[in-house]
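Working notes, structure below.
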Amino acid sequence: MNKPINSEMIVLAREARGLTQIELADRLSISQSQLSKIESGVQEIQDALLGKLTVVLDFPEHFFSLSESIYGPGTGELFHRRRQSLPQKTMNKIHAEINIRRMHISKLLRGVEIDNKFHVSNTSGYNCTEDVARAVRANWQLPRGPIPNMTQIIEDAGGIVIPCDFRTQLLDAVSRWYPGLPPLFFTNIDFPGDRLRFTLAHELGHLILHNVPNPEMEDEANRFAAEFLMPAQDIRPSLHELTLEKLATLKRYWKVAMSALLYRAQELGTISQRQAKRLWVQMGKAGYRTREPVELAIPIESPSLLQEIIDLHRDELKYSVPQLAQVLALHDHEVRSLYMGQKTRLSIVKRARGLASTGQQTAS
Amino acid sequence: MAISRAEADSILAPFKPTILEVISSAYDDYQTQYTQVSPIHTVRTQANILRDHMVYHARRLFHEMDGVRIIEKAGLFLVEIQNTVILRFKKFDDDERTSNYPTDQAVDYLEQQELPWMPQKATRLEVGYQLNKLGTAFRALIARPRGFGLDPAWVIDLLNLAAAEEAVEPGTQLELKIDKKKRVRVKSAPVKKVKEAKHE
């Protein structure tokens, strides 16, 4: 008798490995038609073929029996132009990996708890996006001025930050807030520290502002991020008489890109359009619009909450690697590479007080 | 008497490391001690701070050095070397000029005119720094001024900008670790452990 298999998990595993149906069928020496029927649940998979599938896709057999919900792309895809240019195969792979990571975190959080400061917020009472950013800063009791570590702010609030190798520069990050879980921020490791900080603030804006997507959501999230990282009241006095040298000084202090500072100065009207244009030209000539000076690089913030959860399982709950592998439906080697610092960097976020999950999904 | 570049080079040779240390110490002070307030500084404030720190380090490093005399008069801080040259510490702009209010004293100083208290034999020079466009590196130079608003007669590089920029360490791309603090707890109700897997 064939084992009960969740056909959706076959699709998820295939996409997580970046394979098309044709490519997988070829490796399994079956027709695409047969694989298609198996993936759609029309045809049962024979035990022998399942065994081959576990080898080809490098997942343990019980992964394919999991009865997990699979979530589709988020609302961020609807209105994000760059994202729409991502190849479908790449997007499928990213979503599959995100789904799998989400399952892992869900399982890991069954045994542990983390503080939560995220709130389901009704932002309709605020006059503007910037007011919401100020309110979040106040609610989280952040002091005036620059945010020294954006990742820590997210983690201290209960979000989980998970650096991922998206293998594309068309996607900065994806944030998800699944029912029953803390907000998850999947960030692309292929960007410099200042951009990652802005991306996290941008994603935070999405989670707080966009219960319902709208065509202006990317612009709103950018405005939220700008106010969150560079509060107008604090930064405005510094954004006068700007030069490249002044932008460099401000970058070191505020830990945001020179370009973000220049945009901010334009938004706040502290420099004329002519001055702004002149600076953009200078930035372009110096190559800073493509890559800002290396000597001004902002350190990449490394999250740690997910590692704390893993460590707690290892140290206090006494889980061995094989036991973790069984819980997470992975092979031992992948547990080691994903969660024990042998390959990619992974981390967690905390949840916020009083925030019920809303199933929000955004990407930037 | 106005000395040539070669003569100045020879006279100052034993003192160049000290002059460079004066300038670089002041620059380093600004980079490390003013990070919290530098965003609100104007270019003028930054220049004033750097000048004060150059004076401080000059006092410290030239103190009781053979052949050196420190002169402080009429708001000027000068270092006379071998009774031959007088150094004044300044910031240089992109054209290798220093900026000065055109007071009679300032104009006379730059034009090497007679000043009542100034040793007349010594040639007046200006030493200092020229920042790159981002302020992330500096060139150290010695120049002989010709007059107010004029290019210097000659310039000696103590540290050229290319070398200075090359010496600047890239901003760290290393990960910024978060301080360890316990944010995760075991839930009070014990979770059921999975059976030890056999395959390790």
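Each chain gets a letter, A, B and so on, in the order the sequences are listed, and its residues count up from 1. These numbers come from the heavy atoms of this one structure, side chains and all, not from hydrogens, waters or symmetry mates. Everything numeric here is computed off the predicted structure, so don't read it as measured data.
Under the 3.5 Å distance criterion, the side-chain polar atoms of A/E308 are matched with a main-chain donor or acceptor of B/R183.
Looking at B/Q46, only its side chain comes within 4.5 Å of chain A, counting heavy atoms on both sides. Heavy-atom distances place the side chain of A/E316, and not its backbone, under 4.5 Å from chain B. Contact annotation for A/L244: both backbone and side-chain heavy atoms come within less than 4.5 Å of a heavy atom of chain B. With a 4.5 angstrom heavy-atom cutoff, B/S38 touches chain A via backbone and side-chain atoms both.
Between the CG atom of A/D115 and the CZ atom of B/R185 there is a distance of 4.5 Å, given to the nearest 0.5 Å.
Side-chain contact between A/K246 and B/V43 is absent, with no heavy-atom pair separated by less than 4.5 Å. Looking only at side-chain heavy atoms (C-beta outward), B/L134 and A/M258 come within less than 4.5 Å of each other.
With sequence neighbours excluded, the residues that form a ring-ring contact (aromatic ring centres under 6.0 Å, His included) with B/H53 are B/Y34.
In this structure, B/D104 places its CG atom where only 12 or fewer heavy-atom neighbours from other residues, nucleotides or ligands lie under 6.0 Å away. Counted within 6.0 Å of CD on B/E166, heavy atoms from surrounding residues, nucleotides or ligands total 12 or fewer; the atom is thus considered open.
Listed in order of number, the residues of residues 281-289 of chain A that approach chain B to under 4.5 Å between heavy atoms are A/Y288.
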